[in-house]
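Heads up: the structure comes next, in structure tokens.
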Number of protein chains: 2
Amino acid sequence: MGTTTPAAVPEPKYWHLKSVLSDALESDFEVGEILPNERDLAARFGVARATLRQALDQLELEGRLQRRRGVGTTVAPPRVGVAVGDTEPRWPGDSDEAWEPVGYVEQQPPAAVTRLLGAAADDKVHVVRRVRARHGQPVAAELVYVPAASVPGLTRIDAEGPALARAVLRELQRLELQGQERTVELGSATADDAKELDRLPGAPVLVVTARYTSGDATAAVAVGTYRADTCRLTFGEDGGLLAG
Amino acid sequence: MGTTTPAAVPEPKYWHLKSVLSDALESDFEVGEILPNERDLAARFGVARATLRQALDQLELEGRLQRRRGVGTTVAPPRVGVAVGDTEPRWPGDSDEAWEPVGYVEQQPPAAVTRLLGAAADDKVHVVRRVRARHGQPVAAELVYVPAASVPGLTRIDAEGPALARAVLRELQRLELQGQERTVELGSATADDAKELDRLPGAPVLVVTARYTSGDATAAVAVGTYRADTCRLTFGEDGGLLAG
DNA sequence: TAGTGGTCTAGACCACTTT
DNA sequence: AAGTGGTCTAGACCACTAG
């Protein structure tokens, strides 16, 4: 028998569909424009709605689409560059893109954070919740874990919510933090994060874990969750060409 | 009418299922252990297979599970820390975790890369494919775009594949690169990337775009795709506590 | 109230790996 | 050949938004 062609693995329908839609997004639609609804699109391409949704899921994961329940599917703007590099240690900051403390959380740090805090985790750990927005849209929610030992000067423990949160961060800021140790991984939004980020629980997020050191010790640990659909994290000497 | 409870939004089945499975993974299973197959699991929890798969999808996205067609679903080991920070500019390196050039690609850079290369994109651009492995498993595939102007000393353009790839990188290494400009965003693996990473097309990846500068000009641009399921990217002064 | 995306079902077949 | 995960269907109902 003659050698046949290498079998030509059939491309999944949703994969092909994604390419077609991707091309159409570039040539036939403007940013912000509403696409036909899923039932119409599925019919138009002759596939089941679930199959169409597989293609849309991927495009949304890549930040090309934005879907809102009860409203529709729109073409997403390019991802916004969010700096998480050297610029961050000036904690509160005051630009439009700064973090906004929203509350003081009463809870135990998760095991992974406790490990990073080391010995400092033995005593009380302050937990501050803060959020970050760009162009009016929330892009990140963060929990900052600060061992009481790191902020001995903290007074007004009687304050509440945002006020107490600010007090903790203000004290932390007095330390000379040289923490440049960070990790980035993929995660899915918890119910709490989802609420802050205006997304559904389980939405894909980029989890940024930062360890701030003062001398040799861990002064604080921050775990930030960034909306993976809308954010492009930028590192290094402040933006540059990649900042977008 | 009396005030009723705040409606108590029903938690999606797959969301609850995920929590249950997540707990079970920690208490009842060892890393590498094989879970019951999807049909059994679905029956055990009294849900459709598609619903169970939604839960498994999320756990896989978080790096808790590993699924292999024809084999089964296993409990994944903790994510491996992969350094993408200051340590990288020593390009080839020779440790176990180094990049391995695998070929020289004949193709035009995508528009986004051309933009980053600036004027240098006008002449020929060398494109090198390289991969990176940890513990025998591939973790990243990268395309390095090097304008011909950046490597004037390049000879042996007659070489092929890996040999030519090495030649290009060797020449690039002669420059004093100070590029610390990087971005990280979520993407899905192309067919090519998927093959290198031993995953299916569309698998979630962390896309790291690096711009290497020499003086003021862009000397090269690298676009790396890291397996989001198995990798935790580490930045900053070489690992430290977060490296894991 | 009508229309949207989100969840869920109960099946079927396919691609792949192992035996 | 048997068993696994991956794809696909054709429905149904729910949660949410807007007119």
Side-chain angles (χ1 to χ4, degrees), chain A residues 6-19 21 33-61 64-76 188-189 191 194-195 198-204 229, chain B residues 6-19 21 33-61 64-76 188-189 191 194-195 198-204 229:
Chain A
V9 177
E11 197 176 43
K13 272 189 189 177
Y14 77 91
W15 187 252
H16 175 247
L17 205 50
K18 182 193 154 194
S19 314
L21 288 169
E33 197 173 344
I34 296 188
L35 270 61
N37 72 52
E38 297 183 348
R39 291 165 180 84
D40 284 353
L41 277 179
R44 183 174 315 187
F45 288 106
V47 300
R49 190 178 158 218
T51 303
L52 173 81
R53 279 180 60 81
Q54 252 184 299
L56 294 183
D57 285 345
Q58 282 219 7
L59 289 170
E60 192 182 25
L61 198 76
R64 310 278 309 274
L65 292 179
Q66 195 165 345
R67 294 193 278 187
R68 276 173 301 174
R69 175 157 37 176
V71 179
T73 301
T74 56
V75 180
S188 47
K195 187 172 297 182
D198 191 26
R199 298 247 57 196
L200 292 178
D229 56 342
Chain B
V9 176
E11 195 176 44
K13 273 189 187 177
Y14 78 90
W15 187 252
H16 175 247
L17 205 50
K18 182 193 154 195
S19 315
L21 287 169
E33 198 173 343
I34 297 188
L35 269 62
N37 72 54
E38 296 182 349
R39 291 164 180 84
D40 283 354
L41 277 179
R44 184 174 314 187
F45 288 106
V47 299
R49 190 178 157 216
T51 303
L52 173 80
R53 278 180 61 81
Q54 252 185 298
L56 294 184
D57 284 346
Q58 282 221 6
L59 289 170
E60 191 182 26
L61 198 77
R64 310 279 308 275
L65 293 179
Q66 195 166 347
R67 293 194 279 187
R68 276 173 301 177
R69 177 159 34 175
V71 179
T73 301
T74 56
V75 180
S188 48
K195 189 172 295 183
D198 192 24
R199 296 247 59 194
L200 291 179
D229 57 341

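Hydrogens, waters and symmetry mates are skipped; everything else that's a heavy atom, side chains included, is used. The chains referred to below are lettered A, B, ... by the order of the sequence lines, with proteins before strands, and numbering in each begins at 1.
- When the side-chain nitrogen and oxygen atoms of Lys13(A) are compared with OP1 and OP2 of dG6(D), none of them lie within a distance under 4.0 Å.
- The side chain of Arg67(A) places an N or O atom within less than 4.0 Å of a non-bridging phosphate oxygen (OP1 or OP2) of dG6(C).
- For the pair Asn37(A) and dT4(C), the criterion of a side-chain N or O lying under 4.0 Å from OP1 or OP2 is met.
- Under the Watson-Crick or G-U wobble criterion, with both distances below 3.5 Å, dA2(C) is paired with dT17(D).
- Between the P atom of dG5(C) and the CZ atom of Arg53(A) lies a distance of 8 Å, rounded to the nearest Å.
- For the OP1/OP2 pair of dT7(D) and a distance below 4.0 Å, the side-chain nitrogens and oxygens of Thr51(A) include no atom meeting the criterion.
- Put simply, the side chain of Leu21(A) does not reach to within 4.5 Å of the side chain of Leu65(A), judged on heavy atoms.
- Arg68(A) contributes no side-chain N or O that forms a donor-acceptor pair with the base of dG6(C) under 3.5 Å.
- In this entry the distance linking CD of Gln66(B) with C1' of dT17(C) reads 15 Å, nearest Å.
- One interatomic measurement links the two molecules: CD of Glu60(B) to P of dG5(D), which rounds to 11 Å at whole-angstrom precision.
- Taking only side-chain nitrogens and oxygens, Tyr14(A) never comes nearer than 4.0 Å to OP1 or OP2 of dC8(D).
- Regarding contacts with the backbone of dT4(C), every side-chain N or O of Arg39(A) stays at 4.0 angstrom or more from both OP1 and OP2.
- If you take CG on Asp198(A) and CZ on Arg68(A), they are separated by 9.0 Å, rounding to the nearest 0.5 Å.
- Between the CG atom of Leu56(B) and the C1' atom of dT4(D) there is a distance of 13 Å, given to the nearest Å.
- Taking both residues in full, the closest heavy atoms of Arg44(B) and Pro36(B) are given as NH2-CG, 3.8 Å, listed atom of the first, atom of the second, then distance.
- Comparing Leu52(B) and Asp57(A), the nucleotide of DNA chain C nearest to each residue sits closer to the 5' end for Asp57(A).
- Between dG6(D), dT9(D), dG5(C), one nucleotide has an atom nearer to the side chain of Ala48(A) than all others, and that is dT9(D).
- The nucleotide whose nearest atom lies closest to any side-chain atom of Glu38(B) is, among dG6(D), dT7(D), dG5(C), dG6(D).
- Between the CD atom of Glu11(B) and the C1' atom of dC14(D) there is a distance of 16 Å, rounded to whole Å.
- In this structure, Ile34(A) places its CD1 atom 10 Å from P of dA18(D), rounding to the nearest Å.
- Mapping Ala50(B) and Pro36(B) onto DNA chain D via the closest heavy atom, the residue that lands nearer the 5' end is Pro36(B).
- The phosphate of dT4(C) has neither OP1 nor OP2 within less than 4.0 Å of any side-chain N or O from Thr73(A).
- Side-chain N/O atoms of Arg69(B) and base N/O atoms of dG3(D) include no donor-acceptor pair closer than 3.5 Å.
- Closest approach to the Arg49(A) side chain among dT7(D), dG5(D), dT7(C) is made by dT7(C) (side chain taken as heavy atoms from C-beta onward).
- Taking atom CG of residue Leu200(B) and atom P of nucleotide dG5(D), one finds them 13 Å apart after rounding to whole Å.
- Closest non-hydrogen pair, Lys18(B) versus Ser188(A), comes out as NZ-OG, 3.4 Å.
- In this structure, Arg199(A) CZ and Asp229(A) CG are separated by 4.5 Å, a value rounded to the nearest 0.5 Å.
- Comparing atom distances between the Val71(A) side chain and each of dT17(D), dG5(C), dT9(D) picks out dT17(D) as nearest.
- Note: Leu41(B) CG to Glu38(B) CD = 8.0 Å, rounded to the nearest 0.5 Å.
- One interatomic measurement links the two molecules: CG of Leu65(A) to P of dT4(C), which rounds to 16 Å at whole-angstrom precision.
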